[in-house]
Amino acid sequence: MSISVSQSGLSSKNIQAMYTAKNAAVAQPKETVNQDLKNNTTDADTVQISSEAQQLLAARSSKREPGTLKIGDNLITWTMEKGVIHLDNDKDLRNAIREDINNAEKIADQIRSDYRMEYNKRLDISSDSLTWEIIGHIYPGQLARALKKVDFLIPDVISEGLDEVIERTKKIDMGESGKDGNRIVWDAIADLPNWVQDTVKKALD
């Protein structure tokens with residue numbers, strides 16, 4: 001916008017008023033933007049880490065942050081430490097397994113993958129063993145009954161120990177052999193012929 005002072009019929013007072021109006025029109029958006037920026041700016045010096053967050057950071061070396069796996073609308077979570085997985089036995093886990101029993105294997109595979117990335121070594125628990133431990137905690141009674149149908153193929157360690165090792169807990173603690181006395185039961189189920197495992201899964205699904 002240019003204004004010529006040589007235009008006829010304009011007094012010095014009118015020219016001054018026009019310049020004032022121009023400057024106000026140009027300046028207003030800039031002032032508004034600056035004010036908006038000021039209102040949305042956070043002073044970095046005032047940001048503090050809560051004591052709870054500090055504790056979590058301090059504990060990071062021994063207790064890892066939860067792993068996660070999204071299955072449909074369900075968020076599966078777990079924590080890891082060397083040789084042991086603590087899987088949250090909540091409604092999301094139960095929903096995911098009841099929607100599709102094969103989701104237990106997906107969770108087991110993701111846990112093993114995360115463990116390898118976290119510790120740069122493989123978890124000494126097979127995917128099948130983890131899968132059956134997860135299923136066993138979701139379907140404790142049903143699994144025992146399903147296995148009874150193929151009892152002639154079931155090792156004694158399974159039929160005798162299954163009811164004792166399945167507990168309804170908020171977390172499913174899944175450890176390697178040296179850290180989980182029940183590992184032998186889930187390993188034994190995982191060693192059953194594939195057709196037997198598939199038959200049991202179908203009976204539960």
Side-chain angles (χ1 to χ4, degrees), residues 56 63-119 122-155 157-177 179-205:
L56 288 173
K63 200 80 169 180
R64 300 308 195 246
E65 294 180 1
T68 61
L69 178 62
K70 187 75 171 176
I71 298 180
D73 294 329
N74 306 301
L75 181 62
I76 314 303
T77 57
W78 62 88
T79 57
M80 300 182 292
E81 54 185 288
K82 289 186 177 179
V84 181
I85 306 299
H86 306 286
L87 178 63
D88 292 327
N89 188 4
D90 54 18
K91 67 176 183 179
D92 284 44
L93 176 66
R94 293 189 292 273
N95 288 341
I97 303 305
R98 287 167 180 164
E99 287 170 4
D100 185 350
I101 199 168
N102 292 313
N103 284 332
E105 186 174 356
K106 293 180 182 179
I107 296 168
D109 288 343
Q110 187 62 61
I111 287 173
R112 283 168 52 84
S113 177
D114 284 3
Y115 187 92
R116 190 175 191 82
M117 291 183 63
E118 186 68 41
Y119 295 105
R122 72 178 182 84
L123 179 66
D124 194 17
I125 307 174
S126 71
S127 180
D128 285 344
S129 187
L130 284 176
T131 297
W132 280 112
E133 186 164 6
I134 295 169
I135 291 173
H137 282 82
I138 303 303
Y139 297 103
Q142 296 96 316
L143 177 58
R145 288 193 293 272
L147 288 171
K148 290 293 183 182
K149 295 179 180 179
V150 288
D151 187 62
F152 63 97
L153 291 169
I154 304 299
V157 66
I158 297 178
S159 58
E160 293 175 0
L162 191 61
D163 292 335
E164 297 178 6
V165 302
I166 298 177
E167 298 178 2
R168 292 180 176 83
T169 57
K170 291 183 178 180
K171 286 188 181 292
I172 304 174
D173 298 322
M174 304 179 289
E176 296 175 342
S177 296
K179 299 187 177 184
D180 187 347
N182 300 323
R183 184 85 270 132
I184 187 173
V185 175
W186 308 115
D187 286 349
I189 298 177
D191 288 339
L192 291 172
N194 288 337
W195 71 268
V196 175
Q197 295 187 47
D198 291 341
T199 298
V200 173
K201 286 180 180 178
K202 288 179 181 177
L204 296 173
D205 199 7

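Here the structure is a predicted model, which is why all the values come from computation and not from measurement.
Considering every non-hydrogen atom in both Glu105 and Thr131, the closest pair reads CA-OG1, 3.4 Å. Between Trp186 and Trp132, the shortest heavy-atom contact is CZ3-O, 3.3 Å. Nearest heavy atoms, Ala108 versus Ile134: N-CD1, 4.4 Å. Across Val84 and His86, no two heavy atoms sit closer than the pair CG1-CE1, 3.4 Å. Among all heavy-atom pairs drawn from Ile76 and Ala96, the shortest one is CD1-CB, 4.0 Å.
A donor-acceptor pair shorter than 3.5 Å cannot be found between the side chains of Asn95 and Glu99.
Listed by chain and number, the residues in a salt bridge (Lys or Arg N to Asp or Glu O under 4.0 Å) with Asp109 amount to none (sequence neighbours excluded). Listed by chain and residue number, nothing satisfies the side chain to side chain donor-acceptor pair (under 3.5 Å) test with Asp128 (two or more places apart in sequence, or in another chain). Every residue two or more places apart in sequence or in another chain that forms a side chain to side chain donor-acceptor pair (under 3.5 Å) with Ser129 is listed here: Arg183, Asp187.
A donor-acceptor pair under 3.5 Å links the side-chain atoms of Gln197 to the main chain of Ala190, judged by distance alone. Although no hydrogens or angles enter the test, the distance criterion places no donor-acceptor pair under 3.5 Å between the side chain of Arg122 and the main chain of Arg112. Within the 3.5 Å criterion, the main-chain N or O of Tyr119 finds no donor-acceptor partner in the side chain of Lys82. Within the 3.5 Å criterion, the main-chain N or O of Lys106 finds no donor-acceptor partner in the side chain of Asn103. At least one donor-acceptor pair under 3.5 Å links the side chain of Tyr115 to the backbone N or O of Gly83.
Side-chain atoms of Asp114 and Leu69, non-hydrogen and from C-beta on, never get closer than 4.5 Å to each other. Residues Asn89 and Ile138 are in side-chain contact: their nearest non-hydrogen atoms beyond the backbone lie under 4.5 Å apart. Side-chain atoms of His137 and Met174, non-hydrogen and from C-beta on, never get closer than 4.5 Å to each other. Annotation: side chain of Asn182 is not in contact with side chain of Glu133 (no heavy-atom distance under 4.5 Å). Inter-residue side-chain proximity for Ile135 and Ile189 is flagged as unmet; no heavy-atom pair is nearer than 4.5 Å. Residues Ile125 and Asp180 have side chains not in contact (no heavy-atom distance under 4.5 Å, counting atoms from C-beta outward). Taking 4.5 Å as the limit, some side-chain heavy atom of Thr68 sits within range of a side-chain heavy atom of Leu75.
Under a cutoff of 6.0 Å and an axis angle of 45°, Lys171 and Trp78 do not form a cation-pi pair.
Here the straight-line distance linking atom CG of Asn194 with atom NZ of Lys201 works out to 8.5 Å at 0.5 Å rounding. Between atom CG of residue Asp92 and atom CG of residue Asp73 there is a gap of 9.0 Å, rounded to the nearest 0.5 Å. Here the CG-CD1 distance, from Leu130 to Ile85, works out to 7.5 Å after rounding to the nearest 0.5 Å.
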request  = Verify side chain to side chain contact (heavy atoms under 4.5 Å, CB included) between Ile107 and Ile97, making sure each step is shown before the conclusion.
outcome  = CA-CA 10 Å; Ile107 296 168; Ile97 303 305; 3.9 Å; yes
request  = Take Val200 and Leu192 through the side chain to side chain contact (heavy atoms under 4.5 Å, CB included) test and state the conclusion after the steps.
outcome  = CA-CA 11 Å; Val200 173; Leu192 291 172; 5.8 Å; no
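Atom NZ of Lys202 has 12 or fewer neighbouring heavy atoms from other residues, nucleotides or ligands inside a 6.0 Å radius.
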